[in-house]
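So the structure is just underneath, and the comments pick up after that.
We name chains A, B, ... by the order of the sequence lines, and we start the count at 1 in each one.
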There are 2 protein chains.
Amino acid sequence: MKEANRTLLSKRQTLSEKVFNELKEAIIKGDLPQGCKITEDEIAKQYGISRGPLREAIRELEGLRLLDRKPRAGVRVVTLTHTMMEEIYTVREALEGMSARLAATRMSESEINELQQLLISHQNTIDQSQGKEYFQREGDLDFHFRIAQASNNQWLMDLLSSELYQLLRMCRHRSSQTPERPVRALQEHQQITEAIANHDPELAELLMRRHISGAWKIVKTLLEKEEDKA
Amino acid sequence: MKEANRTLLSKRQTLSEKVFNELKEAIIKGDLPQGCKITEDEIAKQYGISRGPLREAIRELEGLRLLDRKPRAGVRVVTLTHTMMEEIYTVREALEGMSARLAATRMSESEINELQQLLISHQNTIDQSQGKEYFQREGDLDFHFRIAQASNNQWLMDLLSSELYQLLRMCRHRSSQTPERPVRALQEHQQITEAIANHDPELAELLMRRHISGAWKIVKTLLEKEEDKA
DNA sequence: TAAGCAAATATTGTCAACAATAAGAATTTA
DNA sequence: TAAATTCTTATTGTTGACAATATTTGCTTA
């Protein structure tokens, strides 16, 4: 087949994939607020497609736990309750701890070098952009993502990056952080990296777990403040 | 609405749910062998439904990682490779370790008692039914499942019971176990239970992790033998 | 006025047909 | 004979209509 009409074939992506991605973004960014009801007809029209592909996309989003199907009440955008966040951080602690352990065993010298470079660039970001939380947050996730990759375990990577991290990003669009946290977090990232560089799996795991349970304590108090206001 | 024609309403279950469950069983039991191509038309006719609901079921099964969608080659039943099993056991070690830790913190005396009863009944099963591996295996999973429940963490439970355990069952339909393993496994279950009964989270986690990585070593050698044969 | 019922409406579940694409077979050409 | 090319067939993607089911609205009656 000729490579002609490639303009139309920009639908290498299937419709349901496309709407899957767009819905995912919309949910994470909060354009579709938490608890919001999903009405198939409405969304389908909005994206200019029929309900078939949309329903498949919805099924996938359910799999990622971004949508929630109640027995006889249709589907809604998931609501991040306090207990749910706690559960997520607990699972995250277990998975990322293991992730760090594996990374310490497997990472090559050059990969470790890249990781250290990353931390330096984060250092710079903090020095320069006191207030720009956004970048610091993405930076934080970036670090964790690289460790997950370095674990070289497809399952770990998938669980973390396609399920947990999305929900974390979603949560972050709501609550703001304390200003001194980034500095502290960076220090901890450095410690973890050092343990990995020394190929010390036990320590890497231990530090990562502390890092995450520490992060949860902070998020927790922030959430509690918000809950008090409401 | 009257509770009349309940005969027809036995479809409280939707078609796609039904075919989802049936397909799941078929995959786990091996009726649909690993790597087997799924042709929508074929399966749809087989179950007497149209392709719409089936496609949704397929999307869900993908989410559970029982089906695998290759870019432009349709979907196939997942193939449990050696490395995939290793990855699963690693994730399992992390999650169940955490699970045991939480259980040690949270389990009530009466729940602990039930757990101990369960072990006694497993003891009896082993004494009586030397060769009946099947029950011993289901018993094993049963133990792990209860710990997951006791963690009281919905996410942990879901990840373990609706994703990992299914794949384990699927794997077990292939490889047979060494005869002395059940006895050893039961001993380890007893140790774990003891740590939980003493509300010792650290120890419970440690023992559970050993238990699982030990199990992996055995499965691993079994898989290697099989691979040699082939 | 509140509780219960009935009709009207909205929403989800299901189907069958059509369109687009990929896989396979048959044919030609070097 | 092997590589390339077209034609054919299978398979997946998409749609709009219909059926089954919930939800709401407005009415009746106590």
Legend entry - Nucleotide nearest A:Arg55 (side chain, heavy atoms from C-beta), chosen from D:dG13, C:dT12, D:dT15: C:dT12

Legend entry - B:Leu15 side chain, from C-beta outward: closest of D:dT12, C:dC15, C:dG13: C:dC15

Inset, instruction - Look at the aromatic rings of B:His211 and B:His189 and report parallel, tilted or perpendicular, splitting at 30° and 60°. - result: perpendicular

Legend entry - Phosphate OP1/OP2 of D:dT14 contacted by A:Thr14 side-chain N/O (<4.0 Å): yes

Inset, instruction - Using a 4.0 Å heavy-atom cut-off across all strands, classify A:Gly52 as base, sugar-phosphate, or nothing. - result: base

Legend entry - NZ/NE/NH1/NH2 to OD/OE distance under 4.0 Å, B:Arg209 and A:Glu205: yes

Inset, instruction - Find the distance A:Asp41:CG to D:dA22:P and express it as a whole number of Å. - result: 18 Å

Inset, instruction - Mind checking ring-ring contact (aromatic ring centres under 6.0 Å, His included) for A:Trp155 and listing every partner two or more places apart, or none if nothing turns up? - result: none

Inset, instruction - Report the distance from atom CG of B:Leu54 to atom P of C:dT14, rounded to the nearest whole Å. - result: 12 Å

Inset, instruction - For D:dT12, take OP1 and OP2 only and decide whether either is under 4.0 Å from a side-chain N or O of B:Lys37. - result: yes

Legend entry - Separation of D:dT12 C1' from B:Arg76 CZ (nearest whole Å): 14 Å

Inset, instruction - Determine: side-chain N/O of B:Lys18 to OP1/OP2 of C:dT14, distance under 4.0 Å, yes or no. - result: no

Legend entry - Minimum-distance nucleotide (side-chain atoms of A:Thr39 versus C:dT11, C:dC15, C:dG13): C:dT11

Legend entry - Carboxylate-amine/guanidinium contact B:Glu86 B:Lys220, below 4.0 Å: no

Inset, instruction - Send over the distance from A:Glu42 CD to D:dT23 C1', rounded to a whole Å. - result: 16 Å

Legend entry - Distance in angstrom units between A:Ile43 CD1 and C:dA10 P, rounded: 17 Å

Inset, instruction - Figure out the CD1/C1' separation between B:Ile49 and C:dG13, and round it to whole Å. - result: 12 Å

Inset, instruction - Check step by step if side chain to side chain contact (heavy atoms under 4.5 Å, CB included) holds for B:Ile43 and B:Leu54. - result: CA-CA 8 Å; B:Ile43 306 280; B:Leu54 173 61; 4.0 Å; yes

Inset, instruction - With heavy atoms under 4.0 Å as the rule, sort A:Ile38 into base, sugar-phosphate or nothing. - result: sugar-phosphate

Inset, instruction - Would you kindly give the CZ-to-P distance between B:Arg69 and D:dT11, to the nearest whole Å? - result: 16 Å

Legend entry - C:dG13 phosphate, OP1 or OP2, under 4.0 Å from B:Arg51 side-chain N/O: no

Legend entry - Out of D:dG16, C:dC15, D:dG13, whichever nucleotide has its closest atom nearest the side chain of A:Ser50: D:dG16

Legend entry - Whole-Å gap separating P (D:dA17) and CD (A:Glu40): 17 Å

